[in-house]
K.L.:
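Sharing a structure here in structure tokens format.
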Number of protein chains: 2
Amino acid sequence: MAVHILTMLARSGDENVKSECIAGSVNTNAVVIRRLLGQLNNANLVVSQTGAFGGTRLARQPEDISLCEIYKAVCCGEVFALHPKSPNQDCPVGKNIEAFLCNLQKEIDQSVGEKLRQYTLRDVIAKIELAYA
Amino acid sequence: MAVHILTMLARSGDENVKSECIAGSVNTNAVVIRRLLGQLNNANLVVSQTGAFGGTRLARQPEDISLCEIYKAVCCGEVFALHPKSPNQDCPVGKNIEAFLCNLQKEIDQSVGEKLRQYTLRDVIAKIELAYA
DNA sequence: ATATCTGTAACAAGTATAGTTACAATTCCC
DNA sequence: GGGAATTGTAACTATACTTGTTACAGATAT
């Protein structure tokens, strides 16, 4: 959804886009969009303006926003989950497996980040416009 | 948790390990373990035996089980989520973004798989035994 | 036969997300 | 200044998912 939102903004250039309008395309409620826009704003990817004729636009050019930045701005977890409760510290496996898995998570996360860094919003627009050209 | 379980089994060699015993190390209920063992069994990673003195053991040697296989056996989603509802098909972005994101998901998933394929259960054991040597 | 395990169904509790309503704060335009 | 429009955010509901738990049938060794 974050990619969807930013793609919409990218296609509108400097014009402010209303959360209601984005919600229509994403097919959800405007508040859901505004929540995501808040996260994207925290990551300095978008700029919002309150009041009449307000709305949101990209903070940078589409070619300067990678999918990795978007992912980091809104991601809420890791690729795989760790133990919900800490394992038994009296067991040699339980005592040491968490550190191992935690390192593995970081490694995987980095690998995902590198992949996502290969794409920018500009690439997304290109792919999408190609599809209905 | 799946990695934890399989590491326990790997360290027990050909001996059957009871779900109760694994639960003690993972710090959870035996049924939770048996549920995961069921998935690992479907993936032909473990062999279980019911009845008295039953339990579970690895189906193969630890060096022949990669973390990628474990991940695929128990993974229940993707790295990032797609739209909960389908986007608006009357919008050029909404109409085409899902296909793009779906392809991206596959690409990322493959990249994660390649990373995880670099590690086997044997490596996990080595790391863990190093930690308390 | 009996004791011991697994496999699985059923259910409760906790947690997360999405969607919704409501409203204060902000801003433009007249 | 006043009214209309829009964001930001709080609060609540509904849904869904995961975990943990109890219960029990089926299988197996002694």
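All figures in this text were calculated on a predicted structure; none of them were measured in a lab. Reminder, nothing fancy here: chain letters follow the sequence lines and each chain counts from 1.
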K.L.:
Nearest whole angstrom, please: distance from the P of C:dG7 to the CD1 of B:Ile22.
P.N.:
11 Å
K.L.:
Rounded off to whole Å, could you give me the CG-to-C1' distance for the B:Leu40 and C:dG7 pair?
P.N.:
14 Å
K.L.:
With nearest nucleotide decided by heavy atoms, which residue, A:Lys85 or A:Arg35, maps closer to the 5′ end of DNA chain D?
P.N.:
A:Arg35
K.L.:
Are A:Gln49 and C:dC28 close enough that a side-chain N or O sits under 4.0 Å from OP1 or OP2?
P.N.:
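Indeed, a polar side-chain atom of A:Gln49 lies that close.
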K.L.:
Are B:Lys106 and B:Glu78 close enough for a salt bridge, meaning some N to O gap below 4.0 Å?
P.N.:
no
K.L.:
Measuring from the side chain of B:Thr50 (C-beta onward, heavy atoms only), which nucleotide among C:dA3, D:dG26, D:dT19 has the closest atom?
P.N.:
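Of the options given, the side chain of B:Thr50 lies nearest D:dG26.
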K.L.:
With a 4.5 Å cut-off on side-chain heavy-atom distances among I, L, V, M, F, W and Y, is there a chain of contacts connecting A:Leu82 to B:Ile22?
P.N.:
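Same hydrophobic cluster.
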K.L.:
Rounding to a whole Å, what distance do you find between B:Arg57:CZ and C:dC5:C1'?
P.N.:
14 Å
K.L.:
If we count only N and O atoms by modelled type, under 3.5 Å, do the side chains of A:Arg117 and A:Ser66 hold a donor and an acceptor together?
P.N.:
no
K.L.:
From the list D:dT6, D:dG26, C:dT20, which nucleotide is the closest neighbour of the side chain of A:Val31?
P.N.:
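The nucleotide sitting nearest to the side chain is C:dT20.
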K.L.:
Rounded to whole angstroms, how far apart are CD1 on A:Ile5 and P on D:dT7?
P.N.:
12 Å
K.L.:
Give a yes or no on whether the backbone of B:Pro87 and the side-chain of B:Gln89 come within a donor-acceptor separation of less than 3.5 Å.
P.N.:
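Yes, because the side chain of B:Gln89 sits within donor-acceptor range (under 3.5 Å) of the backbone of B:Pro87.
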K.L.:
Let me know, please, whether A:Phe53 or B:Ser48 comes out on the 5' side of the other along DNA chain C by nearest nucleotide.
P.N.:
B:Ser48
K.L.:
Rounded to whole angstroms, how far apart are CD1 on B:Ile33 and P on D:dT21?
P.N.:
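B:Ile33 atom CD1 is separated from D:dT21 atom P by 12 Å.
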K.L.:
What nucleotide among D:dT22, C:dG19, D:dG8 has an atom nearest to a side-chain atom of A:Asn29?
P.N.:
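When the side chain of A:Asn29 is considered, C:dG19 is the closest of D:dT22, C:dG19, D:dG8.
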K.L.:
Rounded off to whole Å, could you give me the NZ-to-C1' distance for the B:Lys18 and C:dT6 pair?
P.N.:
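Interatomic distance, NZ of B:Lys18 to C1' of C:dT6: 12 Å.
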K.L.:
Ignoring the backbone of A:Val32, work out which of D:dT21, C:dG19, C:dC28 is nearest its side chain.
P.N.:
C:dG19
K.L.:
Just compare C:dT27, C:dG19, D:dT7 and give me whichever is closest to any side-chain atom of A:Ser19.
P.N.:
D:dT7
K.L.:
If I take atom CG in residue B:Asn42 and atom P in nucleotide C:dT6, what distance separates them, rounded to the nearest angstrom?
P.N.:
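Between P of C:dT6 and CG of B:Asn42: 16 Å.
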K.L.:
Determine: side-chain N/O of B:Arg34 to OP1/OP2 of C:dG7, distance under 4.0 Å, yes or no.
P.N.:
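Answer is no, no contact under 4.0 Å.
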K.L.:
With DNA chain D as reference, determine whether B:Gly51 or B:Thr28 sits nearer its 5' end, using the nearest nucleotide of each.
P.N.:
B:Thr28
K.L.:
In terms of side-chain geometry, is the basic nitrogen of B:Glu114 or A:Lys115 positioned less than 4.0 Å from the acidic oxygen of its partner?
P.N.:
no
K.L.:
When the distance from CD of B:Glu20 to P of C:dT6 is rounded to whole Å, what number comes out?
P.N.:
8 Å
